[in-house]
Amino acid sequence: MELSAKYNPSEVEDKWYAYWLKNKFFHSEPDAREPYTIVIPPPNVTGILHMGHVLNNTLNDVLIRKARMDGKNACWIPGTDHASIATENKVVAKLKGMGISKEDLTREEFLKYAWEWKEEHGGIILQQLRKLGASCDWDRTRFTMEPELTEAVINTFVYFYKKGWIYRGVRMVNWDPEGHTAVSDDEVIHRDTQSHFYHMRYFISDGNGNPTDKYIVVATTRPETIMADAAVCVNPADERHKWLHGKKVLIPLINKEIPIIEDSYVEMDFGTGCLKVTPAHDVNDYEIGLRHNLPVLNIIDDHGRLTEEAQILVGEDRFVAREKIAKMLQEAGNIEKIEDYISPIGYSERTNAVIEPRLSAQWFLKMDELSECALASVEDGFIKFIPDKYRNTYRHWMENAHDWCISRQLWWGQRIPAYYLPDGSFVVENSFEKALEAAKKINPAITAEDLHQDEDVLDTWFSSWLWPISVFDPQMPGQPDHKPNSDLAYYYPTNDLVTGPDIIFFWVARMIMAGNEFMNDVPFHNVYFTGIVRDKLGRKMSKTLGNSPNPLDLIEKYGADAVRLGMLLCSSAGSDILYDESQVEQGRNFCGKIWNSWRLVSGWNVDENAAQPAAAAEAVKWFDNLLSRTIVTVEDHYSKFRISDALMATYKLFWDDYCSWYLELVKPAYGEAIDGATYKATVCFFEKLLKLIHPIMPFITEELWQAMAERKEGETIMFQSTPKAGEYDNEFIAQFELAQQIIVGVRGVRAQKQISPREALSLCIEGSLLPELLPVITKSANISEFVQSTEGPAVNFIVGTIKVSVPLAGFVNADEEKAKILAELEHQRKFLAGVRGKLGNANFVAHAPANVVAVERKKESDALARIEALEASLAALQ
RNA sequence: GGGAGCUUAGCUCAGUUGGUUUAGAGCGUCUGCCUUACAAGCAGAGGGUCGGGGGUUCGACUCCCUCAGCUCCCACCA
């Protein structure tokens, strides 16, 4: 088959992806083979492909294709996440564009729009992944909010509730007084803001609610909250405030008596060392309140106005109240001083309103037992993190895990299956019917109209933590007595998970918990953490910076294989990736190199009767050995998830060794034919190289593999087995490397001196280079013949134990040469002394592992040989 | 403030119980080449006292201490 002069990825990629799909090559069903399973980290259903996805899914695809070629039953489950907050925001924005406000809609109406939107725009990203070559089992595509998986989520909630691990509690949330909604921590932007620091006098009570003349000074930025104070807190170690212990103070203006309490949370050297504790309006104060059993008094409403509870300034906006109360305090003589102060204030990302910390009822899942077990899975080695450093992070978090707040004040998501009776009590069941039944047991008079389901939905992670289980058998989560279906039994646990370290707690840890709880087994064995993709200046990819390339444009321009390779080139696990388009160019160049190498080989005329030249025979032998050795290296890299190392080893084997050395050595002279034996070997090597690189570059390898021989319909490189390493002779490879160094040396001499080979070069090699490699040197260095003796000055190289002498009148400075050799001799002798010192240590010889001692002995003998060779060259120089 | 990690060539990074690497790779740079697969290429070359200082050792990029700079995670200071 005639190849076009240039590789054209866009022509090739669609063709082969369609071919793979048509033949169902990606699809997996349980069979007798060993499974290799990956579940995709489900992208947001509303998401579009960005560079982070490219990195993550390329790695996943490399692993899955490698496993497939290794003969495993490879299954990669794709799917999307309903991503409640992100999706709901997008739908709200879309509706706003249509002139519809969310507040004007009922829940049902809103959800109707949301589903329409999901059907229309959702899942684009899955189509985009195909452009990248992702070999997902599309027949198994899942969505976290599809009916079956929703059922799994609801069952899980009911299960944990009945187990007593889910409870309703009060928690501080970020309240947006303009949007009238709680927002997540991620949606709060902290900005340093100019404000004031009010130093106020709180008078000590005489015990009957009357002020004495003694007072303490408390500093705050929020004087409008003093009416909600529950205590004043000092550090127990603070000598200045020892006299206060057990006393009570009066809140200014309203003269309410509150206790002095002690807590080490208070910093002694900040402010006055006295902290007013306002549990309802500050997160930390709330925590202190819990520890000291303080009452919680809420004086700010949904709109940020003071309530009746405040007693004064009722109905005023919090900021107006702040000004007014400052004035009142001043007039009442309670202000010591007011300082200018800059403090970080949280603003709502959406409305830019100042966030008000506010207590609200939420649902929680207890973490103590779940996290203990999940920690053990990693600590005991059932799950490995790559890189290992994340174990520390993981341990630290798991040991301090807070209970998981699983409720969200949104509509898009799985609605919490708690049903309230008119009296405020509630029942938890997985359906309305069951809930009604349960409610009737409490109160037989209850009717369907009386029962109201909780308005909140569940945190998105409460569905994605079930992902490795629910994608196979949605009946399983929440029902540990259920017998796993055949898919779950076969594919679970999955093998590897590739994800970002930013969701180690949100997702990875919780999947481990769910796996332990419902399957009694970990959900995966290895977690490969990628880095964050940044631009080449190290900045995060962002829309506003405009530094985030569209992966589809890149694929269009360079080809998917080039993009994959470019992404992998710089992707050592865990460290951030500084993306640079030049890496993708490198990928494209590599495609061109592969393409052209086959153009060369496929264009040769073969003469079956021709004798194999000596240089070609040695080249074949060498490359065969090197290929085997590289395969071993590559396998080792893969086993340690060093994907970029595996790639680089293959890249160099293909480009440097195969193209630059091997092909040049076996290439027939212009117009001549190649002998049959060499040709056969060359084609065989090429096919093995294609298979080796296929997991990384699926398209070009399929194209060339199909082009290099007649293939039948249904055949594919995807299911060819990974080339196996044969026996290889390290000594021979080393000898060949010496020959290569000699060649490079000779070329260097010629380049520096600008002389032609014929003009001056004759070469003398002394030492122990295999004589059969001489033709290799002759051919590659373009030397007509060797001369056995030299006359006059010469260029001398020492390559390993071989002395190479290139005679050249007036070229080399013998003194320099001598000095070099002497310096190396000194180093070698010193080194030898060290090694001998170690070997002379009886302790070392007796206790070190045998192979370590053997290495030392080898070093000793090598050093001796080297010294001998150097001494010989020195003598020869003189 | 608590925790983790990083600092090696112009850039991005390897460096595997301290030793045959008196420091490696890719890219970039420089020099010479349109040589009949490939100029998206070929053949060469240069480039680092391994962040600073100290210690242990026959020997330190590697282990210990210390200082400096950077990054991330958590908690954020009334």
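Each chain gets a letter, A, B and so on, in the order the sequences are listed, and its residues count up from 1. For the numbers below, each heavy atom of this structure counts, side chains included, while hydrogens, waters and symmetry mates do not. Given the structure is predicted, the values throughout are model-derived calculations rather than measurements.
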Requested in this report: Could I get the full list of ring-ring contact (aromatic ring centres under 6.0 Å, His included) partners for A/Y679, not counting sequence neighbours?
Outcome: none

Query - Any residue meeting ring-ring contact (aromatic ring centres under 6.0 Å, His included) with A/Y202, in chain and number order, not counting sequence neighbours - result: none

Query raised in the report: Taking only residues two or more places apart in sequence or in another chain, which ones pass ring-ring contact (aromatic ring centres under 6.0 Å, His included) with A/Y394?
Result: A/F385

Query raised in the report: When all nucleic acid strands are considered with a 4.0 Å heavy-atom cut-off, which category describes A/K830: base, sugar-phosphate, or nothing?
Result: nothing

Report summary line: Result for 5'-nearest mapping on RNA chain B, choosing between A/E664 and A/H396, is A/H396

Requested in this report: Starting from the 5' end of RNA chain B, give me the residue, A/A833 or A/T221, whose nearest nucleotide shows up first.
Outcome: A/A833

Query - Watson-Crick or G-U pairs under 3.5 Å in RNA chain B, rendered as dot-bracket with [ ] for crossing pairs and | for another strand - result: (((((((..((((.....[....)))).(((((.......))))).....(((((..]....))))))))))))....

Query raised in the report: Atom NE2 of A/H196 to atom P of B/rA78: distance rounded to whole Å?
Result: 15 Å

**Report entry** Closest listed nucleotide, where the reference is the side chain of A/M648 and the choices are B/rG5, B/rG26, B/rA40
**Finding:** B/rG26

Query raised in the report: Reckon A/W655 touches a base, only the sugar-phosphate, or nothing at all at heavy-atom distances under 4.0 Å?
Result: sugar-phosphate

Report task. Determine the contact category for A/R599: base if any of its heavy atoms lies under 4.0 Å from a base atom, sugar-phosphate if only primed atoms, P, OP1 or OP2 are that close, otherwise nothing. Result -> sugar-phosphate

Query - Counterpart residues, ring-ring contact (aromatic ring centres under 6.0 Å, His included), relative to A/W404 (two or more places apart) - result: A/F462, A/W465

Requested in this report: If the plane angle is over 60° it's perpendicular, under 30° parallel, otherwise tilted; pick one for A/W655 and A/F590.
Outcome: parallel

Query raised in the report: Just checking A/C659: base, sugar-phosphate only, or nothing, at a heavy-atom cut-off of under 4.0 Å?
Result: base

**Report entry** hbond_proxy A/E287 side chain to B/rA75 base (donor-acceptor, 3.5 Å cutoff)
**Finding:** no

Report task. Could you name each residue pair satisfying salt bridge (Lys or Arg N to Asp or Glu O under 4.0 Å) that touches residues 650-662 of chain A, not counting sequence neighbours? Result -> none

